[in-house]
Chemist: 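Pasting a structure below so you can have a look.
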Amino acid sequence: MSERQLQMVKGNEAVAEAAVRAGCRHFFGYPITPQNELPEYMSGRMPEVGGTFLQAESEVAAINMVYGAAGAGVRVMTSSSSPGISLKQEGISYIAGAELPCVIVNMVRGGPGLGSIQPAQSDYFQSTKGGGHGDYRMVVLGPATLQEMVDLTYEAFDIADRYRNPVMILGDGVIGQMMEPVRFPDLMDPDTLPTKEWATKGRRDREELNLINSLYLDPDACWAHNQHLARKYAEMQENEVRYEVVHGDAEYFLVAYGTTARIARRSMTDLRERGYDVGLVRPISLWPFPEKAFRDLADRARGYLAVEMSLGQMVEDVRLSVDSSVPVAFYGTAGGVMPHHADITQQMEDLIRGTGDDR
Amino acid sequence: MKAVFTRPRSLTDGATHYCPGCIHGVAHRMVAQILDEMDLADRTIGVSPVGCAVFAYDYFQCDFQQAAHGRAPAVATGIKRAVPDSFVFTYQGDGDLASIGTAEIVHAASRGEKISVVFINNAIYGMTGGQMAPTTLEGQKTTTSPAGRDLADTGNPIRMTEMLATLPGAAYLARGSCHDIKHLRATQKYLKRAFEVQERGEGFSMVEILANCPTNWGMSPVESLQWMEENLVPYYPLGEFRSPEEVE
Amino acid sequence: MYHEILIAGFGGQGVMLMGQMLAYAGMKRDLNVSWIPSYGPEQRGGTANCGVVLSTEPVGSPVVTEPSDCAVMNLPSLTKFEPAVTPSGYLYVNTSLCPDEVTRDDIKVVRVAATEEADAMGNARVANMIMLGAMMGGLEGLPFEVMEEVLPDVLPERHHGLIPVNLKALARGREIFESAE
């Protein structure tokens with residue numbers, strides 16, 4: 001079928017089309033580089049499939065439009081890049097609190113502040129540890145290739161609906177701007193999706209009234225709500241962990257996600273050609289973080305090198321996941337500068353030598 | 001026997017949390033009566049603000065969403081776009097609509113978003129304890145303007161309805177008041193027209209309702225109504241500012 | 001095989017299309033491929049470049065900073081990217097717009113008077129295709145014929161009438177590469 005042919009697509013457009021294929025018919029956004037091709041694509045594509053594209057007056061308004069539409073039971077998405085995602089944090093907290101399913105795309109750029117428009121991974125903390133106020137979590141997925149981004153975006157809508165929770169696709173400027181061959185899944189008809197009984201679409205023939213709300217003024221009620229959320233988050237931790245381990249029988253491991261994992265993989269190949277026993281741990285779900293990957297390697301791993309386009313954020317989760325006697329080194333570049341594979345290779349060599357391994 | 005007073009079907013049974021003498025309850029009732037008259041409740045989604053009316057969802061017999069502070073028009077936009085055959089209204093106070101939510105209200109109106117806004121203007125922040133609002137009058141004492149609002153320092157009270165009347169997307173705009181029965185009746189008429197504008201798909205509609213806050217104004221309910229008439233009404237003129245007929 | 005290709009020029013020379021055509025060609029021959037443009041304010045300043053990776057291995061960074069194959073369509077691009085080419089890599093120079101000589105002697109330089117050649121063919125806009133044809137000479141694994149499949153994919157349908165002139169330009173580039181070898 002021609003639908004399933006390989007196509008060269010730009011990352012930002014690939015996420016957008018994947019969302020449409022997943023039955024998303026509502027998109028609310030605001031321009032910011034380097035994700036502009038995403039709303040631009042949606043502005044043309046949504047009318048073709050009878051959907052809604054709306055350029056909001058701000059990122060703040062866009063995320064609250066997402067809140068309204070998600071609460072009305074439709075599959076809905078917004079996208080932005082770092083400074084815009086910061087503006088959306090209030091809305092994300094409300095969405096998590098009111099338990100609304102939606103997909104949020106962040107094509108991360110260098111920060112802090114206005115920063116740069118080049119790729120970065122310095123929003124890891126913001127995405128995986130909260131960002132907005134309150135004890136909430138969202139599933140955060142960090143694709144390394146466009147095909148993976150397409151597949152994860154398609155799945156993200158199911159995950160969001162399953163848990164009634166926001167899901168974030170955490171990309172970066174490179175993954176948004178690059179082109180790679182991609183196969184899209186089939187176009188899903190949103191009318192075939194299960195009805196959301198809790199949604200506010202007007203009471204119609206329903207017995208009960210529906211309410212979308214995150215306010216629990218009585219602290220005991222709010223505590224009970226938090227406990228309910230915690231059980232849900234525990235379920236996500238049980239079911240939504242995704243990762244890849246390459247050369248799981250190695251002694252030393254590079255740890256990287258997203259674009260950086262592509263570069264680290266090249267370093268791994270170089271290192272192995274030089275005789276070093278090096279593998280790669282690639283977290284795909286950044287929350288829930290794949291602690292299991294590290295537990296499974298505990299018997300053999302003699303050292304890890306976490307590589308990020310940040311000053312060191314994911315590395316903290318790596319350190320929490322491994323035995324404290326195993327060294328976890330860090331190498332990172334930030335502000336829009338990408339790590340070079342040769343530098344990663346050098347860092348790993350230093351780590352291996354530093355632990356007394358002579359070759 | 002003729003019933004002279006019944007509870008509108010679109011209101012829930014039970015007491016509200018509003019202070020004695022507060023006009024919110026009256027405004028709720030007016031909205032509910034029109035939902036009844038137009039038989040809208042079963043396809044209505046209301047959006048409650050942050051402020052005194054945050055619990056509006058407890059008082060109306062219809063689906064509701066609670067919105068972040070000032071964002072109700074954006075939330076309502078999302079709902080209306082997702083369920084175009086629904087009736088969507090927001091119920092917002094002056095801090096919510098005229099301060100933190102100015103961008104959202106202006107752009108919802110500018111887009112001609114097919115939603116209706118009930119804007120309660122009592123010239124003060126009620127829920128948080130009587131702080132100065134963007135609509136607080138010159139010289140009015142609040143907990144953050146203890147010596148009275150100084151225009152040189154804080155600027156002038158915003159007339160939101162007049163401001164929105166510059167936007168072609170705003171199909172219906174009116175300001176009513178609740179200080180006496182005559183004006184209540186006029187306000188109810190405005191609300192009905194606003195809701196009809198949404199139902200006919202003509203664009204954005206808003207009714208600003210001048211209201212009181214006996215608690216934070218430090219007055220008895222009766223005194224507060226008199227103060228409204230003498231102070232609020234002269235600064236915030238009443239009437240219809242924009243209607244589809246007028247546009248034609 | 002791991003080719004890191006960088007193509008640079010000024011806006012309007014069609015450097016983005018050159019890169020995309022190489023990526024499409026690689027895709028059609030089952031190679032791992034990526035394409036990425038330079039983005040942001042620099043594209044407003046009149047210079048543009050894109051990176052392409054063609055590889056039998058998974059593509060690492062799609063951003064190309066040390067090209068194994070580099071084409072420069074104007075002088076600022078030559079100045080900027082000549083030092084970046086990996087030793088023994090290819091540097092393709094549009095000599096029509098680059099009066100300065102290449103100074104490095106550890107790289108393979110292919111001189112293509114692309115703009116003048118295009119004028120001689122009666123279509124100034126195919127200078128990029130001439131350069132691309134030359135570049136393909138240095139890329140193993142990409143048979144020249146693949147471009148016959150690529151052009152209909154990358155050109156909008158209303159421009160499909162231009163496919164023959166583009167193929168002719170590509171072939172001219174290939175000839176220039178072969179005579180330079």
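The analysis underlying the following values was restricted to heavy atoms, covering all of them including side chains, and did not include hydrogens, waters or symmetry mates. In what follows, every chain begins at residue 1, and chains take the letters A, B, ... in the order their sequences are listed.
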Chemist: Would you check if A:L217 and B:F55 make a side-chain contact, meaning some heavy-atom pair closer than 4.5 Å?
Modeler: yes
Chemist: For B:D42, is there an ion pair with A:R206 - N to carboxylate O distance below 4.0 angstrom?
Modeler: no
Chemist: Please state whether the side chain, the backbone, both or neither of B:A76 comes within less than 4.5 Å of a heavy atom of chain A.
Modeler: neither
Chemist: So which part of A:R25 gets closer than 4.5 Å to some heavy atom of chain B, the side chain, the backbone, both or neither?
Modeler: neither
Chemist: With only heavy atoms counted, which part of A:I63 is less than 4.5 Å from chain B, the side chain, the backbone, both or neither?
Modeler: neither
Chemist: Say whether, by atom type as modelled, one donor and one acceptor occur between the side chain of A:H26 and the main chain of B:R81 under 3.5 angstrom.
Modeler: yes
Chemist: Are the side chain of B:D63 and the backbone N or O of A:N210 linked by a donor-acceptor pair below 3.5 Å?
Modeler: yes
Chemist: Might you confirm whether atom CG of B:D58 has over 12 heavy atoms from other residues, nucleotides or ligands at distances under 6.0 Å?
Modeler: yes
Chemist: Check each atom of A:A199 against the heavy atoms of chain B and say whether the ones under 4.5 Å are side chain, backbone, both or neither.
Modeler: backbone
Chemist: Are A:N213 and B:Y57 packed together at the side-chain level, in the sense that at least one heavy-atom pair is separated by less than 4.5 angstrom?
Modeler: yes
Chemist: Closer than 3.5 angstrom, by distance alone: can the side chain of B:Q65 be matched with the main-chain N or O of A:G68 as a donor-acceptor pair?
Modeler: yes
Chemist: Could you tell me whether A:Y30 atom OH has more than 12 heavy atoms of other residues or ligands within 6.0 Å of it?
Modeler: no
Chemist: Answer with side chain, backbone, both or neither: which region of B:V83 has an atom nearer than 4.5 Å to a non-hydrogen atom of chain A?
Modeler: side chain
Chemist: Before you tell me yes or no, could you show the steps for A:V60 and B:E104 under side chain to side chain contact (heavy atoms under 4.5 Å, CB included), namely the whole-Å CA-CA distance, both residues' side-chain angles and the distance that decides it to 0.1 Å?
Modeler: CA-CA 9 Å; A:V60 175; B:E104 284 78 9; 3.7 Å; yes
Chemist: Which heavy atom of A:N64 sits nearest a heavy atom of B:A68, and at what distance?
Modeler: OD1-CB, 4.0 Å
Chemist: What residue in A:T52, A:L54, A:V74 has the most heavy-atom pairs under 4.5 Å with chain B?
Modeler: A:L54
Chemist: Side-chain contact, heavy-atom cut-off 4.5 Å: B:R71 with A:M65?
Modeler: no
Chemist: For A:Y67, which atoms come within 4.5 Å of any heavy atom of chain B: side chain, backbone, both, or neither?
Modeler: both
Chemist: Report the option among A:K201, A:E90, A:R204 that has the most heavy-atom pairs separated by less than 4.5 Å from atoms of chain B.
Modeler: A:R204
Chemist: Under 4.5 Å from any heavy atom of chain A, what part of B:S86 do you find: side chain, backbone, both or neither?
Modeler: both
